[in-house]
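Note that the structure is a prediction, hence the values are computed from the model and not measured.
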Amino acid sequence: MRVVRVKKFSDSLIFPLGDKLPEQFSKFFIGQAHLNMLTTTGVSIGNVTFEPACRNNWHIHHKGGQILLVTAGEGYYQEWGKPAQKLKAGDVVNIPAEVKHWHGATKDSFFSHLAIEVPAVGGSNEWLEPVTDEEYLQLK
C-alpha cells in the first residue's frame with residue numbers, strides 16, 4: 001500500500017525526487033527526506049522532499065535567509081515562539097536571516113518544496129535541537 005502512495009505522490013512532483021539525504025544532513029532530520037540539488041551556481045536551489053511525519057531540526061540561517069516554494073503535498077513551517085503554519089502546493093515562505101525555525105511534512109502526507117538559499121557573504125546554517133514528538137504531534 002505504501003508503494004502506491006509513494007508512486008502517486010512522485011507522479012505529482014515537478015522535479016525528480018532525489019536521493020536520500022546524505023549523513024551530513026540527515027542527522028538534522030527526524031524521518032526520511034530526499035534531496036535533489038537543482039543548482040549550486042549563484043543561488044543554491046534544492047528540491048527537498050519529506051516523507052510523512054519527517055521534519056528538520058530547529059535551525060537558523062545566519063546573514064542570508066531562505067525562501068521555500070511549496071510544490072507538492074502538505075507540510076508545516078514554524079518560527080520560534082509562533083504557531084506552526086500549514087503549507088500546501090503554491091505557498092511561499094520568506095524566512096529572514098537570524099530567524100529560528102523548522103519545516104517538514106504533516107503526519108499523513110509527503111511534502112516537497114524548493115529551498116532557495118539567499119546568498120550572503122559569510123552566510124551559514126546553524127542546526128539546533130530537534131522538534132520533539134510531543135511538539136509535533138500536537139499540530140493539526
Side-chain angles (χ1 to χ4, degrees):
M1 181 125 168
R2 179 180 152 102
V3 173
V4 172
R5 285 183 61 200
V6 171
K7 180 67 173 151
K8 184 176 178 183
F9 178 80
S10 64
D11 287 347
S12 72
L13 294 176
I14 297 170
F15 300 100
L17 182 64
D19 297 324
K20 291 180 179 180
L21 286 179
E23 171 61 27
Q24 70 191 50
F25 297 116
S26 66
K27 62 186 176 185
F28 302 116
F29 286 69
I30 293 174
Q32 185 62 61
H34 303 262
L35 176 64
N36 176 9
M37 286 307 297
L38 302 178
T39 183
T40 56
T41 303
V43 175
S44 291
I45 303 174
N47 180 48
V48 184
T49 301
F50 300 78
E51 293 188 9
C54 177
R55 68 262 188 198
N56 55 29
N57 288 8
W58 290 97
H59 57 287
I60 300 170
H61 301 275
H62 294 294
K63 298 191 178 180
Q66 186 179 47
I67 301 167
L68 305 179
L69 304 177
V70 181
T71 58
E74 291 184 337
Y76 297 109
Y77 167 77
Q78 185 175 15
E79 292 181 5
W80 187 257
K82 296 183 180 179
Q85 301 171 28
K86 198 163 193 182
L87 302 174
K88 63 185 180 336
D91 288 340
V92 176
V93 181
N94 286 288
I95 307 166
E98 313 308 329
V99 171
K100 184 176 178 179
H101 68 282
W102 70 271
H103 32 105
T106 64
K107 295 179 271 297
D108 302 319
S109 178
F110 282 77
F111 176 60
S112 190
H113 64 56
L114 299 182
I116 303 168
E117 297 295 321
V118 176
V121 174
S124 65
N125 293 336
E126 179 183 2
W127 290 100
L128 304 165
E129 70 274 11
V131 176
T132 66
D133 286 343
E134 182 178 68
E135 294 169 307
Y136 180 79
L137 293 173
Q138 290 180 19
L139 300 175
K140 304 270 185 236

Tell me whether [Y] is reachable from [X] by hopping between hydrophobic residues (I, L, V, M, F, W, Y) whose side-chain heavy atoms are closer than 4.5 Å.
X: W127; Y: V131; result: no
X: I45; Y: I14; result: yes
X: W102; Y: V70; result: no

Less than 4.5 Å apart, any side-chain heavy atom of [X] and any of [Y]?
X: Y136; Y: I30; value: no
X: N57; Y: F28; value: yes
X: C54; Y: Q32; value: no
X: H113; Y: D91; value: no

To check you understand the geometry: which heavy-atom pair defines the closest contact between [X] and [Y], and what is its length?
X: G64; Y: A120; result: N-CB, 3.4 Å
X: P52; Y: A105; result: CA-CB, 4.2 Å
X: S44; Y: T40; result: OG-CA, 3.9 Å
X: V48; Y: A115; result: CG2-CB, 4.2 Å
X: L13; Y: A72; result: CD2-CB, 4.0 Å
X: F25; Y: F29; result: O-CD1, 3.2 Å

Q: Please indicate whether Q24 has more than 12 foreign heavy atoms, meaning atoms of other residues, nucleotides or ligands, lying under 6.0 Å from its CD.
A: yes
Hey, could you give me the [atom1]/[atom2] distance between [X] and [Y], rounded to the nearest 0.5 Å?
X: I67; Y: H61; atom1: CD1; atom2: NE2; result: 11.0 Å
X: D133; Y: R55; atom1: CG; atom2: CZ; result: 5.0 Å
X: N36; Y: L114; atom1: CG; atom2: CG; result: 9.5 Å
X: Q138; Y: T132; atom1: CD; atom2: OG1; result: 8.0 Å
X: Y76; Y: K140; atom1: OH; atom2: NZ; result: 8.5 Å
X: L17; Y: T49; atom1: CG; atom2: OG1; result: 5.0 Å

Taking [X] for the side chain and [Y] for the main chain, is one N or O donor matched with an acceptor at less than 3.5 Å?
X: E98; Y: K63; value: yes
X: N56; Y: H103; value: yes
X: K107; Y: L139; value: yes
X: E23; Y: K27; value: no
X: N47; Y: S112; value: no

Q | Any donor-acceptor N or O pair under 3.5 Å, side chains E126, H59 | A | no
Q: Would you please classify the geometry between the W80 ring and the W58 ring as parallel, tilted or perpendicular, with 30° and 60° separating the classes?
A: perpendicular
Q) H101 vs Y77 aromatic rings, parallel, tilted or perpendicular, using cut-offs 30° and 60°? A) tilted
**Q.** Stepwise salt bridge (Lys or Arg N to Asp or Glu O under 4.0 Å) check, K20 with E51
**A.** CA-CA 10 Å; K20 291 180 179 180; E51 293 188 9; over 6 Å; no
